[in-house]
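Below is one structure, written out as structure tokens; the observations come after it.
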Number of protein chains: 2
Amino acid sequence: MSDVARVAGVSKMTVSRVLAGHRVADKTRERVRQAIDKLGYVADAAAGALSSGRSEFVAVLVPSLSSSNFSDTVRGLTTVLEPHGLQLLLGDTDYELDREERLVRSLLRHQPRCIALTGAQHTDATRKLLERSGIPVVEMWDLPTNPIDTAVGFSNVRAARAMVRHLAERGYQRIGFLGGASALDTRGLDRLKGYRAEIKALGLGEPRVVRLGDSPITMSHGAPAMAALLAQWPDTDAVMCVSDMSAFGAIMECHRRGLSVPGDMAVAGFGNFEVAECCHPRITSVSVDPYGIGLRTGEALLAALEARDAGTEAASQSIRIEFEIVARESA
Amino acid sequence: MSDVARVAGVSKMTVSRVLAGHRVADKTRERVRQAIDKLGYVADAAAGALSSGRSEFVAVLVPSLSSSNFSDTVRGLTTVLEPHGLQLLLGDTDYELDREERLVRSLLRHQPRCIALTGAQHTDATRKLLERSGIPVVEMWDLPTNPIDTAVGFSNVRAARAMVRHLAERGYQRIGFLGGASALDTRGLDRLKGYRAEIKALGLGEPRVVRLGDSPITMSHGAPAMAALLAQWPDTDAVMCVSDMSAFGAIMECHRRGLSVPGDMAVAGFGNFEVAECCHPRITSVSVDPYGIGLRTGEALLAALEARDAGTEAASQSIRIEFEIVARESA
DNA sequence: TTGAAAGCGCTACCAA
DNA sequence: TTGGTAGCGCTTTCAA
């Protein structure tokens with residue numbers, strides 16, 4: 001920066017002002033601009049952050065980047081935050097709370113302005129770190145009973161119950177559930193919980209649950225899960241899956257066995273992924289708007305930052321994202 | 001850090017050493033550790049970076065995070081780099097060179113130790129920025145004729161040619177191509193180029209090309225593209241798609257029209273996505289190992305950093321990733 | 001509208 | 001094995 005200042009014949013301060021967009025005489029600004037171009041100067045963000053006490057980082061934690069769910073949420077966040085000059089600092093927890101804790105610790109070192117994480121479950125240490133950090137926190141994809149700060153999500157339990165009701169209304173009586181085996185995917189577990197609750201509420205007999213595969217649940221989990229379900233409960237007439245991915249795999253397994261969907265077996269998914277709309281038959285699913293979760297989270301973070309700048313503390317709130325049963329051919 | 005030092009009864013320097021893992025007497029280290037825990041101290045990475053002149057950042061640019069291709073590459077990078085305490089700084093170019101340039105400029109401000117970008121095509125300004133930055137650069141997913149520094153990828157042209165040959169060997173004569181309309185997805189364009197070249201080399205008549213949809217090409221692009229192809233060239237007997245995603249959509253469209261795959265229409269994909277293995281019929285594809293590209297890129301970056309630390313300049317090289325035709329039922 | 005000085009929190013370097 | 005000092009490149013603050 002001194003070099004630029006020397007070349008432009010001004011002080012470092014003026015260069016700094018030009019970069020920050022503060023008021024500077026047009027002629028001066030022009031000279032500084034030229035010096036910057038000539039030297040190929042790139043300001044050092046670390047020095048700026050240190051000096052001003054504020055970084056341009058927003059920390060974001062998702063369980064997995066390979067799931068389109070969360071990458072869509074990240075896209076939503078980027079859309080909102082990037083125009084404000086904020087840079088995402090992304091971490092991938094792999095559905096492990098310990099990893100989440102390590103990542104929070106490591107990301108916090110960069111003094112992010114705020115942080116968004118996925119889910120309501122965290123280690124005690126994570127919670128403590130976040131509370132101590134003093135920055136706005138958003139928990140996404142769930143509505144915690146005891147949020148750290150702000151939450152943006154929906155009740156996976158209720159969404160799953162709604163899907164069971166949908167199947168029951170269509171006349172299915174022997175409804176199974178295909179989920180993941182992981183004890184860490186709390187959103188998946190909540191869906192299972194919702195399934196059990198609604199099966200019980202409707203008096204549809206014993207739950208028929210197959211849990212198989214690590215999160216994120218992918219297409220390859222659906223076929224073996226469907227096979228296991230049929231082996232144990234051959235008279236099942238409908239199945240709801242923890243994700244459209246496994247629903248797709250399950251439908252393919254039905255086709256392989258010559259079972260028609262939904263004639264012999266109705267199959268419902270969750271998440272309204274693209275495959276649900278593209279495959280044949282199209283999959284009945286729960287639409288949950290991952291991109292919208294990202295947008296709303298970004299907006300909540302910006303609001304919290306603005307409130308902070310204005311000296312007022314933003315009231316933390318829980319923002320409910322609507323879900324919707326999308327009825328298609330498969331169930 | 002002064003607080004920690006005071007509580008532990010040592011100097012700031014000793015605290016710094018404990019954090020950096022340098023040699024410190026066990027007893028001292030223990031006292032410092034306790035002080036850190038007691039105060040909930042989190043070191044400021046920006047100050048550290050400024051002072052030491054080296055950040056812990058690795059900048060990574062991908063065209064899209066929603067494509068499993070690139071998120072797998074990112075996973076590979078994380079796997080290699082995280083154990084070395086390096087933090088990814090991720091940017092999403094949306095297949096736009098201008099956006100790439102803006103992102104490079106913005107990421108460079110954080111003084112990353114090295115940078116990985118996708119593809120061989122960049123604006124002049126981007127190239128200049130990267131060259132001036134003086135940090136190791138890796139271009140991924142392609143083998144540029146004129147690489148900036150190191151490259152890790154494969155020839156999309158040759159991979160596409162191999163697929164056309166595969167189809168021709170199976171006896172297909174009237175082979176179409178379904179690709180995206182974007183002029184920015186150079187990997188997609190290279191595949192198209194390979195298709196044209198091989199069709200010509202084999203004397204298979206006029207190319208039958210449908211270009212439709214923005215990158216990243218998804219499942220929803222396949223059906224309309226297949227429809228357009230059949231409208232213009234009804235006697236087509238095989239089609240190769242720029243991605244397994246569109247191949248899947250194309251197959252679904254065939255099913256809807258009562259065309260059997262591969263009996264009436266053979267369909268080949270590209271990328272060996274999960275859907276290729278899970279759907280029915282399973283899709284013949286080109287396997288290209290996105291995760292491996294991430295791993296090798298990470299290793300190349302580490303090697304360059306180590307060489308730099310040792311004072312030797314690492315020779316930039318082009319690392320070829322093998323691709324492979326995976327023959328399945330669809331073609 | 002511009003400049004000078006002080007200092008952000010840490011690490012490199014040299015001294016003890 | 002530990003401590004003191006200087007300074008990384010910027011922004012804040014106040015003065016001109």
Side-chain angles (χ1 to χ4, degrees), chain A residues 1-33 35-36 39-57 85 87 105-113 132-135 309, chain B residues 1-33 35-36 39-57 85 87 105-106 108-113 132-135 309 311:
Chain A
M1 190 180 256
S2 308
D3 295 347
V4 176
R6 186 158 12 83
V7 170
V10 297
S11 74
K12 271 174 26 178
M13 236 359 270
T14 302
V15 177
S16 174
R17 288 196 182 98
V18 170
L19 262 62
H22 294 163
R23 42 183 320 114
V24 165
D26 287 354
K27 265 172 54 184
T28 319
R29 186 198 324 285
E30 202 34 52
R31 263 188 302 143
V32 172
R33 281 264 151 73
I36 288 176
L39 299 176
Y41 168 72
V42 177
D44 182 328
L50 179 59
S51 180
S52 67
R54 59 159 46 190
S55 77
E56 299 164 346
F57 289 127
Q87 163 70 231
R105 203 180 295 277
S106 137
L107 295 182
L108 245 26
R109 295 185 359 101
H110 296 287
Q111 316 275 122
R113 298 278 294 278
R132 271 184 164 163
S133 73
I135 58 177
D309 285 352
Chain B
M1 188 180 257
S2 310
D3 295 347
V4 174
R6 187 159 10 81
V7 170
V10 297
S11 74
K12 273 177 21 178
M13 240 355 271
T14 301
V15 177
S16 173
R17 288 195 183 100
V18 170
L19 262 65
H22 293 163
R23 42 184 321 114
V24 166
D26 287 353
K27 265 172 54 184
T28 319
R29 186 198 326 283
E30 201 36 51
R31 263 189 301 145
V32 173
R33 281 264 151 74
I36 288 175
L39 299 176
Y41 168 71
V42 177
D44 182 329
L50 179 60
S51 180
S52 67
R54 58 158 49 189
S55 77
E56 300 163 345
F57 289 127
Q87 163 71 231
R105 203 181 296 275
S106 137
L108 245 27
R109 295 186 358 101
H110 298 286
Q111 316 274 121
R113 299 277 294 279
R132 271 184 164 163
S133 74
I135 60 177
D309 285 353

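Order of the sequence lines sets the chain letters (A, B, ...), proteins ahead of strands, with each chain counted from 1.
Salt bridge B:Arg54/B:Asp309: present, at least one basic N to carboxylate O contact under 4.0 Å.
Place A:Ala25 and B:Ala47 on DNA chain C by their nearest nucleotides, and A:Ala25 ends up nearer the 5' end. A residue-by-residue look at B:Val24 and B:Leu50 shows that B:Val24 has its nearest nucleotide of DNA chain D further toward the 5' end.
For A:Ser51 (side chain) and A:Ala47 (main-chain N/O), no donor-acceptor pair under 3.5 Å exists by modelled atom type.
Atom CE in B:Met1 sits about 11 Å away from atom P in C:dA12, given to the nearest Å. Atom-to-atom, CE of A:Met13 to P of D:dT12 comes out at 8 Å; the value is rounded to the nearest Å. Spacing between atom NZ of B:Lys12 and atom P of D:dG7 amounts to 15 Å, rounded to whole angstrom units. Residue A:His110 contributes atom NE2, which lies 14 Å from atom C1' of C:dC10 at whole-angstrom precision. One can place CZ of B:Arg54 at 23 Å from P of C:dG9, the figure rounded to the nearest angstrom. When rounded to the nearest whole Å, the span between CZ of B:Arg17 and P of C:dG9 equals 21 Å. Put simply, CD on B:Gln111 is 11 Å from C1' on D:dC8, counting in whole angstrom units. Between the CD1 atom of B:Ile36 and the P atom of C:dC10 there is a distance of 10 Å, rounded to whole Å.
Phosphate contact (OP1/OP2 of C:dT11, side-chain N/O of B:Ser52, threshold under 4.0 Å): absent. For A:Thr14, no side-chain nitrogen or oxygen approaches OP1 or OP2 of C:dT2 to under 4.0 Å. Between A:Ser2 and D:dG9 there is no side-chain polar atom (N or O) within less than 4.0 angstrom of OP1 or OP2. Put simply, B:Tyr41 has a side-chain N or O that comes within less than 4.0 Å of OP1 or OP2 on C:dC10. A sub-4.0 Å separation between OP1 or OP2 of C:dT1 and a side-chain N or O of A:Thr28 is absent.
Of the candidate nucleotides D:dT13, C:dG9, C:dT11, C:dG9 has the atom lying nearest to any side-chain atom of B:Asp44.
A distance of 9.0 Å separates CZ of A:Arg105 from CG of A:Leu108, quoted to the nearest 0.5 Å.
No hydrogens or angles were tested; on distance alone, a donor-acceptor pair under 3.5 Å links the side chain of B:Ser51 to the base of D:dG7.
In this structure, B:Arg113 and B:Ile135 approach most closely via the heavy-atom pair O-CB, 3.5 Å.
Residue contacts shown for A:Ala43 are limited to sugar-phosphate atoms, with no base heavy atom under 4.0 Å away. In this structure, A:Arg23 reaches the sugar-phosphate backbone alone: every heavy-atom distance under 4.0 Å involves primed, P, OP1 or OP2 atoms, never a base. Within the nucleic acid shown, A:Gly48 comes within 4.0 Å of sugar-phosphate atoms alone, with no base atom in reach, counting heavy atoms only.
Between A:His110 and A:Phe57, the angle of the ring planes goes over 60°, which puts this pair in the perpendicular group of the 30/60° scheme.
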